[in-house]
Amino acid sequence: MGKRAAVLCGAAAVVAAGLTAVPAEAGAPQAADPSHTADAPRTTAPAWRKCATEDYPTLQCASVDVPLDHTDPGGRRITLALSRVPHTAKTYQGPLLVNPGGPGGSGLTLAGFVAASLPPEVAAQYDVIGFDPRGVGASEPALDCAPDHFAPVRPDPVPTTPAVERANLARVKSFAEACGRKYADLLPHIDTVGAARDLDVIRRALGAERINYFGYSYGTYLGAVYAKLFPERVRRLVLDSVVDPTEVWYDANLNQDHAFNDRHRAFLAWVARHDARYRLGTDPEEVEAKWYAMRAALRERPAGGTVGAAELEDTYVPGGYYNGYWPYLAEAFAAYVNDEDAEPLVAAYEDFGAVDASGDNGYSIYTAVECRDASWPRDWRQWRKDNWEAYERAPFMTWNNAWYNAPCAFWPARPLRPVRIVNGELPPALLFQATHDAATPYRGAVTVHHLLARSRLVVERDGGNHGITLSGNDCLDRHLTAYLKDGTVPRGGHGEADAVCAALPDPKPSTSKAAPRTARGAALHGLLGFRG
């Protein structure tokens with residue numbers, strides 16, 4: 001895939017004169033945490049051990065125990081897995097906790113990625129801390145409600161007949177029931193508020209008076225909730241690809257349907273512009289018709305016995321997260337349509353759509369958190385009405401996404417009320433957002449910008465990728481680096497945004513049918529996962 005070329009900022013390029021410096025703050029951990037009280041959960045300093053990888057040779061690992069129920073700090077404990085790239089500079093700015101989103105994403109490797117991607121002189125001033133949230137990955141216990149829930153071939157997501165709708169309903173009800181049977185004691189405690197309180201236990205275990213936090217996607221909501229609960233414990237706060245907290249979570253998913261449909265159509269228009277390579281037509285509507293014809297054919301006869309209509313959508317949804325996948329998705333599309341060759345399509349499904357055991361765990365947490373965080377309609381007629389209305393304008397993934405979230409209509413744990421994250425007690429937070437991001441649409445970042453007083457919003461104009469810092473755009477990364485270095489934030493003056501960067505150019509067609517997995521962009525988006 002190649003490392004995405006960096007581009008200069010657009011007309012609103014930011015230079016040193018356009019930045020406002022925030023005075024540096026003492027951030028080193030304290031020997032004794034003054035926030036510790038007798039009724040706070042007990043903490044023990046992590047016992048770090050080497051767990052180096054070829055890519056991240058200084059990575060260390062540890063664990064910390066937290067209460068399952070934070071209202072009962074003396075009760076049952078669960079374990080969170082941690083990772084760390086330790087600071088090496090004399091100037092120490094404290095721990096930088098990083099989260100890739102999801103909910104359900106593992107953050108252990110993200111610590112190494114962030115530390116390796118930041119300028120060395122900046123990374124050296126922080127202990128970069130990754131963690132697996134409660135129930136995720138190497139944390140214990142880890143949830144897996146229904147292994148192989150996504151095993152192919154699944155029913156067609158679009159419920160064009162009562163029988164197809166019943167098949168999909170049976171599938172999602174079975175998943176919710178399996179979660180209730182296996183984890184009845186855990187589900188009432190798997191939510192964003194619990195995860196945010198875990199962060200404060202991690203802070204105290206690290207001996208830090210305050211933390212720095214850098215979250216992507218759902219990780220922006222987790223960070224905002226932490227900041228609401230513990231504003232005095234936040235030193236610096238970076239939110240990249242920002243969740244709209246006023247739409248948690250039913251409305252957010254309906255809005256995603258329209259945004260992903262737009263990104264899928266942008267992909268098809270890109271294919272049309274490169275007709276010399278893909279031979280699928282120069283008219284985007286013609287190319288779109290061929291894609292949906294491919295979908296119809298696969299519904300009747302799955303490719304390789306594994307890629308039906310549902311699996312095809314799973315394969316192409318990642319193209320809405322990251323334009324760098326487009327050449328490989330286009331190759332698979334063209335091979336199937338032009339050459340009746342299904343092998344590249346099956347390979348693309350294995351690369352981009354198939355769900356392994358870690359994916360089963362991630363989805364279990366995704367549903368547990370989203371179904372618990374807020375109320376969802378319990379009357380299936382409401383889901384049917386809303387999703388058919390969305391499908392009329394956004395057919396690409398509306399019903400696929402509906403079934404992905406439908407266990408929440410039958411969830412066995414009582415829902416909470418969403419946290420109001422409005423906050424006037426924080427130091428300046430730094431927000432990053434692409435204008436055409438499908439997973440976290442642009443208006444959500446504007447909303448959070450208004451809700452977090454003194455925050456600054458950096459926009460990637462005309463950008464369609466999700467998770468935009470540390471992925472090759474030098475303009476964005478300059479803002480991130482300045483903020484982490486000494487608290488410098490943009491001065492503002494660009495309307496809704498305080499700074500504007502140009503997006504990276506669209507990818508060029510590839511000469512290969514296989515998608516290499518080593519590019520920086522691919523590495524980051526592999527860490528972010530999909531759906532959140």
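Y442 places no side-chain N or O within 3.5 Å of a backbone atom of V459 that could act as its donor or acceptor partner. Remark: the backbone N or O of S364 is paired with a side-chain donor or acceptor of T367 at under 3.5 angstrom. In this structure a side-chain-to-backbone donor-acceptor pair under 3.5 Å is present from R456 to R454. With hydrogens and angles ignored, the 3.5 Å screen pairs no side-chain donor or acceptor of R235 with any backbone N or O of P427. A donor-acceptor pair under 3.5 Å links the side-chain atoms of R233 to the main chain of E209, judged by distance alone. Between the side chain of N361 and the main chain of L143, a donor-acceptor pair closer than 3.5 Å is present. Formation of a donor-acceptor pair under 3.5 Å by the R84 side chain with backbone atoms of G130 is not found in this model. Between the side chain of N401 and the main chain of N253, a donor-acceptor pair closer than 3.5 Å is present. Judged purely by atom type and a 3.5 angstrom limit, N473 has no side-chain atom pairing as donor or acceptor with the backbone of I468. N465 places a side-chain N or O within donor-acceptor distance of the main-chain N or O of N323, the cut-off being under 3.5 Å.
Using a 4.5 Å cut-off on side-chain heavy atoms (C-beta onward), L222 and Y213 make contact. Within the 4.5 Å cutoff, side-chain heavy atoms of P509 are placed close to those of W270. Counting heavy atoms from C-beta on, the side chains of V448 and L431 come closer than 4.5 Å. Using a 4.5 Å heavy-atom cutoff, the side chains of F214 and D240 are in contact. Considering only heavy atoms from C-beta on, I129 stays 4.5 Å or farther from L96 through its side chain. Counting heavy atoms from C-beta outward, V114 and L470 have side chains that approach closer than 4.5 Å. The shortest side-chain heavy-atom distance between F131 and V136 does not fall under the 4.5 Å cut-off. Within the 4.5 Å cutoff, side-chain heavy atoms of L430 are placed close to those of P490.
Of the N and O atoms on the side chains of D314 and N400, at least one donor lies less than 3.5 Å from an acceptor on the other residue. Counting only N and O atoms by type, the side chains of T192 and Y218 include a donor and acceptor under 3.5 Å apart. For the residue pair D55 and T53, no side-chain donor N or O sits within less than 3.5 Å of a side-chain acceptor on the partner.
Atom NE2 of H274 is separated from atom CH2 of W326 by 9.0 Å, given to the nearest 0.5 angstrom. For the atom pair OH of Y404 and CD of E370, the computed distance is 8.5 Å after rounding to the nearest 0.5 Å. In this structure, I190 CD1 and I78 CD1 are separated by 6.0 Å, a value rounded to the nearest 0.5 Å. Here CD of Q125 is found 4.5 Å from CD of Q93. Values are rounded to the nearest 0.5 Å. Atom CD in Q256 sits 5.5 Å away from atom CE in M397 (nearest 0.5 Å). The CZ atom of R49 lies 5.5 Å from the SG atom of C61; values are rounded to the nearest 0.5 Å.
Ring orientation note: the planes of Y325 and F352 are tilted relative to one another, at an angle of 30° to 60°. Taking the six-membered ring where tryptophan is involved, the planes of Y363 and Y366 are essentially parallel, since the angle between them stays under 30° and well short of 60°.
Between L206 and the options I211, T43, V64, L97, a side-chain contact (heavy atoms from CB on, under 4.5 Å) holds for only L97. For the pairing with H479, the side-chain contact (heavy atoms from CB on, under 4.5 Å) check across V458, D498, V238, L484 returns one residue only, V458. Looking at V85, T109, L108 one by one, the single match for side-chain contact (heavy atoms from CB on, under 4.5 Å) with L59 turns out to be V85.
Taking every heavy atom of both residues into account, Y226 and A196 meet most closely at CD1-O, 3.3 Å. Here the shortest heavy-atom pairing between A445 and L457 reads CB-CD1, 4.1 Å. Across all non-hydrogen atoms, the minimal contact from E425 to P231 is OE1-CG, 3.6 Å. The minimum heavy-atom distance linking P415 with A374 is given by the pair CB-O, 3.5 Å. For the residue pair A227 and N423, the shortest heavy atom distance occurs at O-ND2, 3.0 Å. When all heavy atoms of T79 and S63 are compared, the closest pair comes out as CG2-CB, 3.6 Å.
With respect to E247 and R443, no salt bridge is recorded, no charged nitrogen being found less than 4.0 Å from a carboxylate O. The pair D200-R203 meets the salt-bridge criterion, since a charged nitrogen lies less than 4.0 angstrom from a carboxylate oxygen. Salt bridge annotation for D506-R273: present, with a cationic side-chain nitrogen under 4.0 angstrom from a carboxylate oxygen.
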For the pair V242 and T440, evaluate side chain to side chain contact (heavy atoms under 4.5 Å, CB included) and give the outcome as yes or no after the intermediate values.
CA-CA 6 Å; V242 185; T440 53; 5.8 Å; no
Stepwise, does the side-chain hydrogen bond (donor to acceptor under 3.5 Å, both in side chains) test hold for D356 with S358? CA-CA 6 Å; D356 58 12; S358 65; 2.7 Å; yes
Query raised in the report: Going through the checks in order, is the side chain to side chain contact (heavy atoms under 4.5 Å, CB included) test met by Y216 and V98?
Result: CA-CA 8 Å; Y216 291 96; V98 296; over 6 Å; no
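Residues in residues 223-232 take part in no salt bridge (Lys or Arg N to Asp or Glu O under 4.0 Å) pair, two or more places apart or across chains. Pairs passing the side chain to side chain donor-acceptor pair (under 3.5 Å) check and including a residue from residues 132-142, sequence neighbours excluded, read H70-R134, S106-D132, R134-D198.
By the ring pair (Phe, Tyr, Trp, His ring centres under 6.0 Å) test, Y126 pairs with no residue at all, sequence neighbours left out.
Between F260 and Y321, a ring centre-to-centre spacing shorter than 6.0 Å is recorded. Residues W249 and Y221 bring their aromatic ring centres within 6.0 Å.
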